[in-house]
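Ligands are counted one by one from 1 in listed order, and the atoms in each one are counted from 1 as well. Since the model is a prediction, treat every value here as computed from it, not as a measurement.
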Amino acid sequence: MAECVFCAIVSGDVPADVVHKSERTVAFRDVNAQAPTHVLVVPRRHEPDLAALSAAAPEDVAAIGTAVADIAAAEGLGEGYRVVFNTGAGAGQTVFHCHAHLLGGRRLEWPPG
Ligand code: AMP
């Protein structure tokens, strides 16, 4: 999709600190990290959010889960981690290409802000 920064990262047109790739996903470190580990897992397919991705390609949702597990293990997040899909501007979504935030490496409070 034109002008989507995450599509550009998937295609390699925009550089990123890529930590994991699968047939269906690419994962890279967030430029504005909120935790020692802050990785974004994105489907290669462009869909705006989790609901749209679930409807269009549920296998991609499973692939995100698998990628999260692989990355969490590689990053040593055995104490626990958080997975967040901000959905909609009211929830803080700023990039409208579905993505999971994987956060870990520090104590994570609940409820979130
Ligand atoms: P959200 O606000 O949930 O849509 O998350 C978008 C995230 O993408 C933010 O945490 C940004 O810091 C991050 N981000 C935006 N552009 C880039 C980029 N080029 N490389 C890595 N992370 C990015």
Side-chain angles (χ1 to χ4, degrees):
M1 170 163 288
E3 298 179 25
C4 171
V5 63
F6 288 177
C7 284
I9 289 173
V10 168
S11 68
D13 291 338
V14 166
D17 186 357
V18 173
V19 298
H20 186 275
K21 287 183 178 179
S22 74
E23 184 184 343
R24 294 181 176 277
T25 63
V26 176
F28 49 92
R29 296 196 191 279
D30 196 300
V31 287
N32 185 23
Q34 301 300 311
T37 292
H38 187 171
V39 170
L40 303 174
V41 184
V42 311
R44 293 178 184 272
R45 177 190 181 102
H46 181 96
E47 295 292 342
D49 56 34
L50 179 61
L53 186 68
S54 298
E59 58 276 34
D60 281 11
V61 179
I64 290 171
T66 299
V68 162
D70 289 351
I71 297 161
E75 297 274 320
L77 304 182
E79 289 292 308
Y81 57 86
R82 187 166 294 165
V83 183
V84 175
F85 289 86
N86 292 327
T87 304
Q93 188 176 5
T94 58
V95 178
F96 288 84
H97 178 134
C98 180
H99 53 281
H101 293 256
L102 167 59
L103 297 148
R106 67 169 171 81
R107 177 93 192 151
L108 297 166
E109 303 302 328
W110 195 263

Phe28 and side chain to side chain contact (heavy atoms under 4.5 Å, CB included): which single residue from Val19, Val42, Val39 fits? Val42
Just jot down the ligand 1 atoms closer than 4.0 angstrom to any heavy atom of [X], in number order.
X: Asn86; answer: 3 (O)
X: Val95; answer: 4 (O), 6 (C)
X: Phe6; answer: 8 (O)
X: Leu40; answer: 7 (C), 8 (O), 13 (C), 22 (N)
X: Asn32; answer: 12 (O)

Flag side-chain contact, heavy atom, 4.5 Å: Ile64 against Leu53: yes
Report yes if the side chains of His99 and Val41 come closer than 4.5 Å at any heavy-atom pair, otherwise no. no
I'd like to know whether ligand 1 has [X] as a neighbour, heavy-atom separation below 4.0 Å.
X: Ala16; result: no
X: Phe85; result: no
X: Gln34; result: no

Give the residue, atom name and distance (to 0.1 Å) of the protein heavy atom nearest [atom].
atom: atom 22 (N) of ligand 1; value: Val31 N, 3.3 Å
atom: atom 5 (O) of ligand 1; value: His99 NE2, 3.0 Å
atom: atom 4 (O) of ligand 1; value: Thr94 N, 2.7 Å

Which of the listed options, Thr87, Asp30, Val39, Val84, holds the heavy atom that is closest to atom 11 (C) of ligand 1? Asp30
Distance from [X] atom [atom1] to [Y] atom [atom2], nearest 0.5 Å?
X: Thr66; Y: Arg24; atom1: OG1; atom2: CZ; value: 10.5 Å
X: Leu102; Y: Arg82; atom1: CG; atom2: CZ; value: 11.5 Å
X: Asp30; Y: His38; atom1: CG; atom2: NE2; value: 4.0 Å

Is the closest N or O pair between Gly92 and ligand 1 shorter than 3.5 Å? yes
Whether Glu23 side chain and Ala63 backbone form a donor-acceptor pair below 3.5 Å: no
Does Glu59 come within less than 4.0 Å of Arg45, counting only side-chain N to carboxylate O? no
Working note: Arg44 + Thr25, criterion side-chain contact (heavy atoms from CB on, under 4.5 Å); need CA distance, chi angles, decisive distance, verdict. CA-CA 5 Å; Arg44 293 178 184 272; Thr25 63; 5.8 Å; no
Could you tell me whether Arg29 approaches ligand 1 through its side chain, its backbone, both or neither, with non-hydrogen atoms closer than 4.0 Å? backbone
Heavy atom under 4.0 Å from ligand 1: found in Phe28's side chain, backbone, both, or neither? side chain
Hey, can you tell me if His97 and Phe6 have their rings parallel, tilted or perpendicular (30° and 60° cut-offs)? perpendicular
